[in-house]
Amino acid sequence: MSDGVTAMQTIARTDVEDFLFAEAELLDEWRLPEWLELFTDDAIYYVPATDLAVDASPDNNLFYVADDRFRLSERVKRLMKRTAHAEFPHSRTRHLVCNVRIRKHIGDDIEVSSAFITYRTKDGVTDTYFGSNRYRLLPCNGTFRIKEKRCLLDSEGLRTQGRVSIIL
Amino acid sequence: MNAFQRMNTALMVDESKKIFKVSRRAFVDPDILEAERAQIFDKCWLYLGHSSELAKPGDFVTRSVGGRNILFARDGKGNLKAMLNTCPHRGAQVCREKHGSAKSFQCFYHGWVFGLDGTLRSQPGESSYAADFKERSTSNMQQVARFESYRDLNFICFDKGVESLSDYLGPVKEYLDVICDQAEMGMTIVGGTQEYSMRANWKLLTENSIDGYHALTTHATYLDYLKSATGALAQVAFEGSARDLGKGHAVLEYKAPWGRPVAQWIPSWGEEGKRELTRLYDGLVKRFGKERADRIATFNRNLFIFPNLVINDIMAVTVRTYYPAAPDFMNISAWALAPKEETEWARKYRLFNFLEFLGPGGFATPDDVEALEQCQRGFRNSAEAQWNDISKGMGKENPSYDDELQMRAFWSNWNEHIFRVPA
């Protein structure tokens with residue numbers, strides 16, 4: 001592994017964009033087990049309630065999703081089953097990722113933000129999710145692994161989407 | 001005369017034949033929704049909020065309750081106030097923030113300023129008004145007709161002549177006591193609101209919230225998850241009963257294998273968790289004796305308060321209320337309720353537990369959303385396929401938690417409100 005200084009010099013925004021675009025593709029193609037492999041063993045995936053501060057902790061605040069790596073793997077397992085009724089048959093989604101920025105370097109890791117618009121369509125109804133993602137990425141073998149993904153929805157709650165049964 | 005006006009009941013009931021059917025029109029007919037607004041939401045006690053949400057003088061939340069915009073605030077003396085959030089002058093919504101802390105409320109349209117209790121303090125151009133203008137009660141923000149509380153749960157009613165909240169709740173109070181007694185210093189709403197919606201009739205969520213019958217199929221993946229997570233299950237079987245609490249209220253009380261932060265230990269919570277839960281349980285025994293301590297700690301409760309409040313004391317405690325926006329659309333708000341004095345450990349595990357099952361990002365609620373939306377789709381056939389069946393467990397002396405007694409209790413009372421037919 002490279003040290004922080006090397007990483008800072010060599011990581012371009014386009015490298016991060018390539019990674020995030022590839023992530024979006026895995027989600028849109030429902031290749032969730034492969035998507036899960038992008039995450040480190042101690043990774044977290046959060047979707048906070050929309051009336052909370054951006055850095056709120058799920059230890060003392062109510063979120064929509066607060067998965068550690070184990071529960072995230074269970075979420076993926078669940079979504080791949082026919083009995084995950086909310087996503088059977090699978091909805092069709094399109095994750096659009098833009099406004100990508102490298103925010104800062106923390107040791108070897110980088111903090112990245114992006115804006116997202118995700119469309120989900122099922123049974124003749126299309127919902128739109130929009131907001132920003134905050135990532136903590138670990139540079140690794142010319143690509144990255146995700147240590148933290150925090151999806152901050154801009155909407156007031158989940159009206160009219162009603163659920164976050166897909167991965168944002 | 002429209003078809004609805006010719007109806008005199010939405011139920012088909014024959015106790016001797018164990019028949020209990022609900023007309024699917026009740027889920028789709030705009031005239032029914034209009035009747036529900038006038039005869040249920042304008043007449044019944046409705047949940048407004050929890051006292052802990054307004055911790056100190058000046059704290060406020062704005063909330064939609066029964067179709068009205070309510071400003072819920074703690075005034076300078078510490079009293080809770082429920083006001084219609086509209087300027088007495090020309091009607092604009094006075095407070096436009098969802099929550100916060102204020103010294104006064106100002107309507108931005110013409111600049112009228114109100115105290116925390118809604119009393120008019122000043123308005124630009126005062127000299128152009130009658131000398132006693134500020135003394136007139138009609139110059140103040142209007143208080144909701146009735147506002148009463150039970151154990152920090154605050155309710156409002158738009159019908160001045162309604163019975164007291166205490167009488168309305170009746171035997172529900174005992175269950176609220178059992179739920180609230182898990183805290184020694186009172187319960188608190190945890191930060192963060194889950195606000196979501198469903199493309200389904202609001203009464204489907206009433207049924208679903210107290211439905212013990214759907215768990216094994218609708219929530220198959222949640223139960224799979226509990227089985228695959230090491231130590232996520234206690235050696236406890238699903239077992240319990242349902243009770244009709246009158247006036248449309250109902251409760252399920254049952255044992256279940258998931259962990260309860262107060263206080264049913266599961267192996268994945270480890271030794272630290274065991275010590276914590278033992279301490280909590282011993283505290284309950286000391287305060288209430290073993291029998292009541294066991295009930296508080298090891299039984300789950302899905303409590304339904306007519307017409308639209310659910311307090312589920314399960315793997316965490318959730319408070320949930322919901323309103324129709326259209327016959328096929330509802331808005332839902334849900335909160336997490338927890339003991340004020342809870343340790344950091346317990347709070348963390350409570351919330352982790354909550355999200356496992358509950359809420360629109362959980363492993364279970366999204367499948368409920370799907371089920372209710374699929375019911376609503378099915379009701380498009382209601383001109384031909386006209387009836388829902390909720391007869392499970394009819395005639396039993398002790399209805400099980402997975403029978404449908406609690407739904408029959410709701411529907412009987414609903415029917416009485418809408419058609420004035422005694423239940």
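Letters go in sequence order (proteins before strands), and every chain restarts at 1.
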Enquirer: Looking at B:Thr217, is its backbone amide N or carbonyl O close enough to the side chain of A:His85 to form a donor-acceptor pair, meaning the two atoms are under 3.5 Å apart?
Expert: yes
Enquirer: Measure distances from B:Phe352 to the heavy atoms of chain A and classify the residue's part below 4.5 Å as side chain, backbone, both or neither.
Expert: both
Enquirer: Do NZ/NE/NH1/NH2 and the carboxylate oxygens of A:Lys122 and B:Glu373 come within less than 4.0 Å?
Expert: no
Enquirer: For A:Arg163 and B:Asp367, run salt bridge (Lys or Arg N to Asp or Glu O under 4.0 Å): C-alpha distance rounded to whole Å, both residues' side-chain angles, the deciding distance at 0.1 Å, then the answer.
Expert: CA-CA 9 Å; A:Arg163 59 188 128 181; B:Asp367 295 334; over 6 Å; no
Enquirer: Using distance alone, with no hydrogens and no angle criterion, decide if A:Arg78 and B:Thr221 have a side-chain donor and acceptor under 3.5 Å apart.
Expert: yes
Enquirer: By a 4.5 Å heavy-atom criterion (distance strictly below it), what part of B:Ala316 contacts chain A: side chain, backbone, both, or neither?
Expert: neither
Enquirer: Check this for me: does any side-chain nitrogen of one of A:Lys77 and B:Asp224 sit under 4.0 Å from a carboxylate oxygen of the other?
Expert: no
Enquirer: Can you tell me if B:Arg199 uses its side chain to pair, donor with acceptor, with the backbone of A:Gly162 under 3.5 Å?
Expert: no
Enquirer: Please look at B:Trp345 and chain A and tell me whether the side chain, the backbone, both or neither of the residue comes under 4.5 angstrom of a heavy atom of that chain.
Expert: neither
Enquirer: Charged N to carboxylate O below 4.0 Å: is that the case for A:Asp59 and B:Arg350?
Expert: no
Enquirer: In plain terms, say whether A:Arg75 and B:Glu356 are close enough for a salt bridge, that is, a side-chain N and a carboxylate O under 4.0 Å apart.
Expert: no
Enquirer: Give a yes-or-no answer on whether the side chains of B:Glu195 and A:Thr50 include a donor-acceptor pair shorter than 3.5 Å.
Expert: no
Enquirer: Of the backbone (N, CA, C, O) and the side chain (C-beta and beyond), which part of B:Leu358 lies under 4.5 Å from a heavy atom of chain A, both, or neither?
Expert: neither
